[in-house]
Each structure stands twice: as C-alpha cells, then as structure tokens.
Amino acid sequence: MKVEFMIYIYGAVCASMIVFNIIYNLLLKGSESRMQNRCQKMRSKINAQISRLAAGKNVEEAHLQELRRKLSHINHLMAFHQVLQEDMEKKSDLYREYRHQMRPVVIYMAAVYRDKENMQAGYFAYFLSCYTADKQMAMDSLQDILLDYVQKSNLYCRFNALQALYHFGIPETIAKALRIADDGSVFLHEKLITEGLLSYTGDYHTLIEELWKNIMRYSPHTQLAILNYIRFRSGEYQREMYEIMMDKKADKELRLAAIRYCGKYPYEPAYGPLLAFVEDKDDTKWEFATVAASSLASYEGAAVIDALKEALHSSNWYVRYAAAQSLEHLHVNYGDVVDITAGSDRYAREMLMYRLESRKLQSLEV
C-alpha cells in the first residue's frame, strides 16, 4: 500500500508539472502576442510623427500627451523601447529629431518610474541608458533624478542608472553617483565600475580629475575601480601611483594596481622598488613579486634581466610565469639564459623553455 501510495503521489506531481507547463506556455504565447500588438500600434503612431517631421512639421502635442500616459506603464514602455531599437537605423536623422522633441516625456517618465518598484525603475534606467547612447539627449534635469535611482537598494536599478549617467552625466554628478553607490548596501563589482567609466562619452581628463579629487571619499573597493580606470585612460598620474605603491599602509589591492600602472607607464623612480619587490624572498608577498615581475617588462637594463632570471627560481608558480613572460617580452634568447637552462632547477628551466617555445610556435603560425 505504501509503495502504491507513493506511485500515486509521484503521478500527481508529474501531472501537475505537465499542466503547469501547458498553462505557462499558453500565457507566454499570449504575452508575446500582446507585445507584438503593442509594438505594431506604437510603430504606427511613431511613423505618423516621423512623416510629420519629414514634412518639416513638429511632433504633435497630442502624441506627447499619449506617450506620457501610456509609457507610464511598463509593458508599453517595453514596446516603445523595442520599436525604437528596431527602427532607429532606418531614418536615423528623423528618429534623432523625434527623440529630441520628446525630451519632456522622458523627464516626466523619470519622475514617474522613480517611485515605482525597483525592477520597473531599473528597466526605465536601462531604457534611458540606450536612449541617450549617442549623447543627443544630454538632459541636465535628469541627472539629479537619476541620483535617486542610484540610491535604490537594487543592483539592476543602480547599475543601469550609472550606465545612463556615464552617457550624458557631467563629471561632478558621476563622482557623486559613485559615492552614493559606494554605501555598501549593494555590491557592485569593481570591474563593472571600471567598464562603466570606460563608456563615459565626455572628456575623460575632466572626469579623472574629479574622481581623483574625491578619491579618499570612496571605499578601497571603489578606489580600485577608479585606479584601474585611470590606468586604461591616462599616463599623467605616475607620481600619484608611485606614492600609493610605496605606501605600506595602503590597501594591498590598491598597491598592486599602482604597480600595474607603473608597468604600463614606466616611471624612473619606480625602477628600484619594482626590482626590490621581485627580489623579495618572502613567500607571503608573492603577489607583489608577480605583478612587479610583469611590470618590469617595460623597463630595461642588466639589473632587470638578472632580477627576472633569479625570479625563475621562485617557489611560486605565478612569480616564475610572470618572470618568464617578461623575459620573453624583453627578447631574451636562449644564449642569455644558458646559466638557467643548464642549471639544476627543473621548474625554472621548464617554465622558461615553455615560454620560449610558445613564442617560437606563434612566430611560425604568423
């Protein structure tokens, strides 16, 4: 009886899952059909306004009023967004003018969606980041509203609001938005912050100046993202990065980022400290030795070669690999490392031979 009862239960569960899947698929198809209908109606209305613009007329005020009413509902906003994305390339100049004339609608919607639940607010922020991608719609009045979006305790909303600001915000507002996002309530990975800053469409020199002016107001997590952004954009902060690299009280990740910077933009005062990092035999400092070994690829001199050759004997694989990679970058040939290849350190010999053979294979493929 117990076995039969379990079989009945199992059968009932399976039947329930089948019914659920059928209903879900029907609802999904119905939802897709409704979205297509919305898109068709929206496209027809937008095309009518595009025709007016082509004839030298303005967008009708009645159309703008209808957009204020309908786009306040997320389903209609999604349809409107889809139509713009699909048709924008067909009449780009006319669509740009259309978007320009509907700026009051966008500002109105920003205030409306600010008070909606997080996912809807996040979608509007995403729409806005796409809508302003060509910097045609740089609306100053939106920036303060978007700061409220950044304050929401939702990763999706916060990220998209920042993306929108990167497209049309001024440096002061972006720096303030990052301070708000740095409150610790929502974790935004430093790589996302760096990549977002790299999408900034304005003068990055001004943005970097503003971020650096406020650097101590950020957490080490956000400071790291900013340092990485500066490394990708500017070589004008060598002295500042050197000071971070040498500050033993600074966060470890910040010091490592500064070492990478001094590798991308060689700085004469950093030459000696980089050698010291590589030559340090303390196993607990292998990260400094590894990053410094990679950075020394941008420096020259017998001392660099000697330090990197010695690093090939390190007990840490990452240090050996970075040293071999830098020796390869410095075009060290087999004759220059005969003392290593003939030595008894099998790990050093195999690592160097691996790198040199890899380089030879790559040259043959080319």
Side-chain angles (χ1 to χ4, degrees), residues 125 129 132 135 138 143-144 146-147 149-153 155-267 269-270 273-274 277 287-288 290-292 294-295 298:
S129 68
T132 59
K135 209 173 175 63
Q143 295 187 51
D144 290 338
L146 278 175
L147 290 178
Y149 282 70
V150 178
Q151 290 180 355
K152 290 181 176 291
S153 57
L155 176 62
Y156 178 67
C157 184
R158 188 169 289 195
F159 174 78
N160 286 326
L162 286 171
Q163 289 297 116
L165 285 171
Y166 296 143
H167 285 134
F168 69 87
I170 61 175
E172 292 80 5
T173 303
I174 293 175
K176 185 176 181 179
L178 285 177
R179 290 200 304 273
I180 294 173
D182 200 27
D183 62 5
S185 62
V186 176
F187 179 75
L188 194 61
H189 197 280
E190 62 267 14
K191 288 186 178 180
L192 293 177
I193 299 175
T194 300
E195 290 174 1
L197 290 170
L198 288 171
S199 69
Y200 177 63
T201 55
D203 180 9
Y204 66 83
H205 294 288
T206 306
L207 177 59
I208 290 176
E209 288 177 5
E210 185 65 27
L211 293 173
W212 189 262
K213 184 170 64 176
N214 292 276
I215 193 70
M216 298 309 298
R217 302 177 66 180
Y218 299 108
S219 68
H221 165 77
T222 301
Q223 287 179 5
L224 176 60
I226 293 172
L227 293 191
N228 288 333
Y229 170 64
I230 295 174
R231 185 173 86 249
F232 288 123
R233 279 287 184 254
S234 174
E236 301 175 358
Y237 287 77
Q238 293 169 305
R239 179 181 59 80
E240 291 84 352
M241 294 293 184
Y242 173 76
E243 292 176 354
I244 294 175
M245 181 182 78
M246 299 304 295
D247 185 2
K248 294 183 179 180
K249 295 181 180 179
D251 181 85
K252 181 188 71 175
E253 294 299 329
L254 298 183
R255 296 185 68 193
L256 292 174
I259 293 174
R260 293 187 183 95
Y261 186 95
C262 291
K264 184 171 184 177
Y265 306 100
Y267 185 53
L274 289 176
F277 283 130
E287 291 171 287
F288 290 93
T290 300
V291 179
S294 295
S295 296
S298 301

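When reading the values below, keep in mind they use all heavy atoms of this one structure, side chains included, and skip hydrogens, waters and symmetry mates. All values reported here derive from a predicted model rather than from experimental measurement.
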task = Inspect the surroundings of NZ in K152 and state if more than 12 heavy atoms from other residues, nucleotides or ligands are less than 6.0 Å away.
result = yes
Under a 4.5 Å cut-off applied to non-hydrogen side-chain atoms, are [X] and [Y] in contact?
X: T201; Y: Y166; result: no
X: E253; Y: Q223; result: no
X: Y267; Y: M241; result: no
X: I193; Y: L162; result: no
X: L178; Y: L211; result: yes
X: V291; Y: R260; result: yes

Main-chain N/O of [Y] paired with [X] side-chain donor or acceptor, under 3.5 Å:
X: R255; Y: A250; result: no
X: H167; Y: S199; result: no
X: Y218; Y: A175; result: yes
X: S298; Y: K264; result: no
X: Q238; Y: C262; result: no

inquiry  = side-chain contact (heavy atoms from CB on, under 4.5 Å) for D182 and R217? Distances and angles first, verdict last.
reply    = CA-CA 9 Å; D182 200 27; R217 302 177 66 180; over 6 Å; no
[X] and [Y]: which non-hydrogen atoms are nearest, and at how many Å?
X: Q163; Y: G196; answer: OE1-CA, 3.5 Å
X: S234; Y: I208; answer: CB-CD1, 3.8 Å
X: A164; Y: L146; answer: CB-CD1, 3.9 Å
X: Q143; Y: I170; answer: OE1-N, 3.1 Å
X: Y242; Y: P269; answer: CE1-O, 3.4 Å

remark   = Sorted by chain and number, sequence neighbours left out, ring pair (Phe, Tyr, Trp, His ring centres under 6.0 Å) with Y237 holds for W212
query = Would you say the side-chain atoms of N160 and S129 include a donor-acceptor pair closer than 3.5 Å?
reply = no
ask   = Using the ring of each side chain (for Trp, its six-membered ring), is Y265 parallel, tilted or perpendicular to Y261, with breaks at 30° and 60°?
value = tilted
message = Working to the nearest 0.5 angstrom, can you tell me the gap between E210 CD and I226 CD1?
response = 10.5 Å
query = Are E243 and R239 close enough for a salt bridge, meaning some N to O gap below 4.0 Å?
reply = yes
ask   = Given Y200 and R233, is the side-chain contact (heavy atoms from CB on, under 4.5 Å) satisfied, shown in steps?
value = CA-CA 11 Å; Y200 177 63; R233 279 287 184 254; over 6 Å; no
